[in-house]
Amino acid sequence: RAALGIMTLFGVSIIVFAATQLLPGNAAYAVLGRTGSAEAIARVESQLGLDRPAVVQYWSWLVGVLHGDFGVSLVNGQPVWSLIKDRLLNSAIIVVAAGILATITAVTIGIVCGALRNTAFDKVISGIALWLSALPEFVVAIGLVIVFSTTLLHILPAVSAIPPGVPPLANVTLLVLPVLALVLVCFPYIFRMTRAAIVEAIESEYFEWARLRGVSWWKAILSHALPNAIPMAIQAIGLNMLYLAGGIVLVEEVFNFPGLGEGLVQAVGVRDIPTIQAIVLLLAGVYVVINILADVLALLATPRRRFRRS
């Protein structure tokens, strides 16, 4: 899986580089704008190495990435890594916080609803989860702003703009709405997968046998149904963490949060190609790592792997 992940990242690097090369114009036009003369554009193309063959440009860029050099921003001439490292930390904080909160909430409520299936509580929670799953991220984010910041309540800031150089945890209130938006977006899938796994375990023969042996209902849920539902829940959590890595783009843009997603939108707006390439490659790396970790943890959590086959 690690080798496949490396091959995936290699393929992504080719696609990202090719996509930026196929855009109308080039980086020289992005630097000089429409007012640049032909001589000035040719001079900038030579300085940036854009007059070289595309294969040579890609190889030079890839070697730099492998050495931790993502190039120089076309907007301000600063190294790309110095511009995105703080954004990477900001995004990591809200993604990890949202992932932990969504996992604890969704798994717990999913276990309860699975154990109390077809009750009023289960139907209400399942209906809310279905409703949330139909809402895009930006709709959830805008709805939270309306409820907690503008129209109904005025208890949380509508914009989560963190000044450069300020630690993101210095003002936790700025993180509440972005994290809550991501939690609400991730909750439905983890909840439904956990509930389905518990229901499937309850209908199994080993659960029925435990009940016939006199094991109480909730003890059978925790000791027999839950261990067999954990692998499916882990896979659901992993998929949602992958979703968070992409969902932050819209959520961060709505709240003006200085993370990778908002940085990607800004870089696309000004055609800062090295920054675009770096952020997309970083997000792809996060996808690969989380995918491998989720699969490994799901395998380790599978109960039948604890016993040798005869």
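No experiment lies behind these values; they were computed from the predicted model shown.
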**Message:** I'd like to know if Trp209 and Trp217 are part of one continuous hydrophobic network [Ile/Leu/Val/Met/Phe/Trp/Tyr, side-chain heavy atoms within less than 4.5 Å].
**Reply:** no
Side-chain donor-acceptor distances from residues 119-128 under 3.5 Å, at least two apart:
{"from": "Thr119", "atom 1": "OG1", "to": "Leu116", "atom 2": "O", "distance (Å)": "2.5"}
{"from": "Thr119", "atom 1": "OG1", "to": "Asp122", "atom 2": "N", "distance (Å)": "3.4"}
{"from": "Asp122", "atom 1": "OD1", "to": "Ser126", "atom 2": "OG", "distance (Å)": "3.1"}
{"from": "Asp122", "atom 1": "OD1", "to": "Arg195", "atom 2": "NE", "distance (Å)": "2.8"}
{"from": "Asp122", "atom 1": "OD2", "to": "Asn118", "atom 2": "N", "distance (Å)": "2.9"}
{"from": "Asp122", "atom 1": "OD2", "to": "Arg195", "atom 2": "NE", "distance (Å)": "3.4"}
{"from": "Asp122", "atom 1": "OD2", "to": "Arg195", "atom 2": "NH2", "distance (Å)": "2.8"}
{"from": "Ser126", "atom 1": "OG", "to": "Asp122", "atom 2": "O", "distance (Å)": "2.8"}

**Message:** So, using side-chain contact (heavy atoms from CB on, under 4.5 Å) as the criterion, who are the partners of Thr105 when residues are at least two apart?
**Reply:** Ile109, Phe187
**Asked** So if you build clusters from Ile, Leu, Val, Met, Phe, Trp, Tyr with side-chain heavy-atom gaps below 4.5 Å, do Leu4 and Ile290 land together?
**Response** no
**Asked** Ignoring hydrogens and geometry, is there a side-chain-to-backbone donor-acceptor pair from Glu253 to Glu262 under 3.5 Å?
**Response** no
**Request:** Calculate, to the nearest 0.5 Å, the distance between atoms CD1 and OG1 belonging to Ile155 and Thr173 respectively.
**Result:** 11.0 Å
**Prompt:** When the ring centroid of Trp59 is compared with that of Phe17, is the distance short of 6.0 Å?
**Reply:** no
**Ser91 side-chain N/O to Arg87 backbone N/O, donor-acceptor pair under 3.5 Å** = yes
**Message:** Are Phe207 and Trp218 connected into the same hydrophobic cluster when the rule is that any two of I, L, V, M, F, W, Y join if their side-chain heavy atoms are below 4.5 Å apart?
**Reply:** yes
**Request:** Measure across Ser160 and Leu174 and return the closest heavy-atom pair with its distance rounded to 0.1 Å.
**Result:** OG-O, 2.6 Å
**Prompt:** Would you call Val286 and Leu282 a side-chain contact if the rule is heavy atoms closer than 4.5 Å?
**Reply:** no
**Prompt:** Would Thr8 and Tyr287 count as having a side-chain donor-acceptor pair, cut-off 3.5 Å?
**Reply:** no
**Asked** Once you round to the nearest 0.5 Å, how far does CG of Leu182 lie from CG of Leu175?
**Response** 11.0 Å
**Prompt:** Donor-acceptor pair, Thr194 side chain versus Ile111 backbone, under 3.5 Å?
**Reply:** no
**Item:** Atom of Leu177, atom of Leu144 and distance for their closest heavy-atom approach
**Value:** O-CD1, 3.8 Å
